[in-house]
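The shown structure was predicted, so the numbers you read here are calculated from the model rather than taken from an experiment. These values consider heavy atoms only, across backbone and side chains, with no hydrogens, waters or symmetry-generated copies. Positions are given from 1, in the same order as the sequence printed here.
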Amino acid sequence: QWVRAEADNRGLRSSTGYDQFTFLRTRFGALVTPAKNYSGFIQIQDSRVFGMEKTPTHDSKNVDMHQAYIHARHFIWNRMDIKLGRMEISYGEERLLGRSNWGNTGRSLDGALFIFSLADYLKLDAFAYRLNENSPPPTAADTVNVPDKEDRDFTGFYMTYSRSEKLNADVYMIGDFDHTRNDFTGRKDSLNRVTFGVFLRGRNGNFSWKTEVAGQAGNNNGNTISAYLMTGSAGYTFSHIKWKPAVSAGCDYVSGDDNPTDKKIKTFNTLFASSRFYGGMDYFTDMFRHTGQLGLQDNMVKIRINPLDKISAGLDYHYFLSAKKDKTLNSRAFGQEFDFTASYGLNKNMTFEAGFSVMFPGKLLKRRFGDYGSAGTWGYLTTLFEF
């Protein structure tokens, strides 16, 4: 269970003051293992905001099934597992496929996952999820044959190599297919998109590094997709110093498009990424809407310290630019963001975390919020209880 109180003034308007609200998320799960190598997991979730029920006697009926799956280990072949049902997804840094646990509801998908343990250091996941079912199943045998052509499916594979901490490598290919007919173009398949990439990282003593490169191809409503993402960072931990400070620097680049009318989509879609990659204030969770299709370049520096065993703190600096220059404003400046966070682990079950962020907007971000020029600010306090 977690409780997160936020004070939000990200709209760049100092005159409006803070919007204050508190999230509450409760999850309860049960794992049943009736036989060796076979188990079932069920997790229910209630997600709400304090006071949204208006009156103390109102029932919002907000409980949902967050996860419910069967897990068969060594299924048919001793190196293959299978999971069927509703489940969370988490790969790499969750830059493309993540649980989105910072959000109050999180993310889970319906489908099947096949896990192949090819070696102790080599694992291959193949998955197929149904994102949208457009044709409800009939209650009985139907004399009319209705073709099942307008659903949305999400399939792919993700391979992980982890033989040594000096080099870990992930390779993936993901397909996103929406077979819904577009009412304007008449096309039966409105989306056929393939995302492919590699994620490399390693550690040698106190030095660490990571990089990811991904590309996208296909078509969306008759528009050709050609986009890419590149990330890279390196860091060093000064373990011989008392507070064990760690410093890292890097750059994320998400391709953009400065000519959206040429039947080509050049803005990279980050799929089912977890949030908070591009700054803690989440100004850029949707690359199409939040950057005006211009893409994003995030230059960052991060500092971490551990004053005590149970206390850690960090300061992140982000300098946000668009990948493509805005021709109207003749600018690439989104703004500069500072994020401060601190956490305290009271015990193995309870953790407290607090954060405060400020955004100094550039020309592009000011225009997005109606040309208001004040700095955006935001803070939170989270209490997390797990058992």
Side-chain angles (χ1 to χ4, degrees), residues 27 29-43 45 65-101 106-131 153-177 193-205 208-216 229 231-233 270-274 277 348 386-387:
R27 290 176 177 172
L31 176 66
V32 179
T33 308
K36 183 180 180 181
N37 297 329
Y38 293 90
S39 62
F41 180 69
I42 296 176
Q43 186 182 52
Q45 173 178 277
M65 187 67 70
H66 183 62
Q67 294 191 86
Y69 60 81
I70 300 168
H71 188 180
R73 296 170 178 82
H74 311 303
F75 184 73
I76 301 178
W77 181 38
N78 65 347
R79 288 191 175 272
M80 183 177 77
D81 295 1
I82 183 172
K83 292 172 70 174
L84 298 173
R86 170 175 285 238
M87 66 198 79
E88 294 181 336
I89 57 173
S90 177
Y91 290 104
E93 291 186 297
E94 300 192 358
R95 190 177 290 275
L96 298 178
L97 300 174
R99 299 165 293 176
S100 191
N101 254 343
R107 178 184 292 121
S108 53
L109 302 179
D110 302 325
L113 170 64
F114 299 88
I115 307 169
F116 300 92
S117 301
L118 305 178
D120 293 340
Y121 52 87
L122 188 63
K123 183 170 74 76
L124 172 66
D125 284 8
F127 50 83
Y129 298 109
R130 173 62 50 90
L131 300 182
D153 297 312
F154 193 73
T155 64
F157 73 85
Y158 199 100
M159 180 177 287
T160 303
Y161 171 88
S162 55
R163 193 165 193 172
S164 167
E165 69 171 8
K166 292 184 178 181
L167 177 62
N168 293 305
D170 299 353
V171 178
Y172 52 85
M173 180 173 288
I174 307 161
D176 191 0
F177 308 107
R193 178 174 57 213
V194 176
T195 304
F196 49 92
V198 58
F199 173 42
L200 307 174
R201 68 272 186 204
R203 176 177 293 276
N204 189 356
S208 62
W209 61 274
K210 57 187 175 183
T211 183
E212 184 165 2
V213 178
Q216 281 180 338
L229 172 148
T231 75
S233 65
T270 54
L271 303 178
F272 296 120
S274 292
F277 270 106
K348 65 178 182 180
E386 298 177 296
F387 65 93

Apply the test side-chain contact (heavy atoms from CB on, under 4.5 Å) to residues His71 and Phe41: give CA-CA distance (whole Å), side-chain angles for both, the deciding distance (0.1 Å), then the verdict. CA-CA 8 Å; His71 188 180; Phe41 180 69; over 6 Å; no
Partners passing side-chain hydrogen bond (donor to acceptor under 3.5 Å, both in side chains) against Arg193 (at least two apart in sequence or in another chain):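 With neighbours one apart ignored, the set is Asp176.
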Distance-only donor-acceptor pairs under 3.5 Å for side chains of residues 194-203, two or more places apart:
residue	atom	partner	partner atom	Å
Thr195	OG1	Gln216	NE2	3.1
Arg201	NH1	Asp170	OD1	2.9
Arg201	NH1	Asp170	OD2	3.2
Arg201	NH2	Asp170	OD1	3.4

Side-chain donor-acceptor distances from residues 159-167 under 3.5 Å, at least two apart:
residue	atom	partner	partner atom	Å
Ser164	OG	Lys166	N	3.2

Rounded to the nearest 0.5 Å, how far does [atom2] of [Y] lie from [atom1] of [X]?
X	Y	atom1	atom2	result
Leu124	Leu118	CG	CG	6.0 Å
Tyr38	Ile82	OH	CD1	10.0 Å
Phe157	Phe127	CZ	CZ	9.0 Å
Leu31	Gln43	CG	CD	11.0 Å
Ser108	Arg99	OG	CZ	12.0 Å
Arg79	His74	CZ	NE2	10.0 Å

Restricting to non-hydrogen atoms, name the atom on [X] and the atom on [Y] that form the minimum distance, rounded to 0.1 Å.
X	Y	value
Tyr172	Val213	OH-O, 4.1 Å
Gly106	Asn101	CA-OD1, 4.5 Å
Arg73	Asp81	CA-OD1, 3.3 Å
Leu84	Ala112	CD2-CB, 3.4 Å
Phe116	Ala126	CE1-CB, 4.4 Å
Met87	Gly85	CE-O, 3.5 Å

Taking atom types as modelled and ignoring hydrogens, do the side chains of Ser274 and Arg107 form a donor-acceptor contact shorter than 3.5 angstrom?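 Not at all, the side chains of Ser274 and Arg107 share no donor-acceptor pair under 3.5 Å.
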Just wondering, more than 12 heavy atoms not from Asn78 lying within 6.0 Å of its CG?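 More than 12 heavy atoms, drawn from other residues, nucleotides or ligands, come within 6.0 Å of this atom.
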Tell me if a side-chain donor or acceptor on Gln67 pairs with a main-chain N or O of Glu88 at a distance below 3.5 Å.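 Such a contact is found between Gln67 side chain and Glu88 backbone.
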Any side-chain to backbone donor/acceptor pair from Arg86 onto Asp110? Under 3.5 Å, distance only.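 Side chain of Arg86 to backbone of Asp110: no pair is present.
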In chain order, what residues pass the salt bridge (Lys or Arg N to Asp or Glu O under 4.0 Å) check against [X], with sequence neighbours excluded?
X	answer
Asp125	Lys123
Glu93	Arg95, Lys210
Lys83	none

From CA spacing to verdict: side-chain contact (heavy atoms from CB on, under 4.5 Å), Glu212, Leu96: CA-CA 11 Å; Glu212 184 165 2; Leu96 298 178; 4.2 Å; yes
Quick one: are the ring centres of Tyr129 and Phe154 less than 6.0 Å apart?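 Not under 6.0 Å, so no.
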Mind running side-chain contact (heavy atoms from CB on, under 4.5 Å) on Phe272 and Leu131 for me, showing each step along the way? CA-CA 11 Å; Phe272 296 120; Leu131 300 182; 3.7 Å; yes
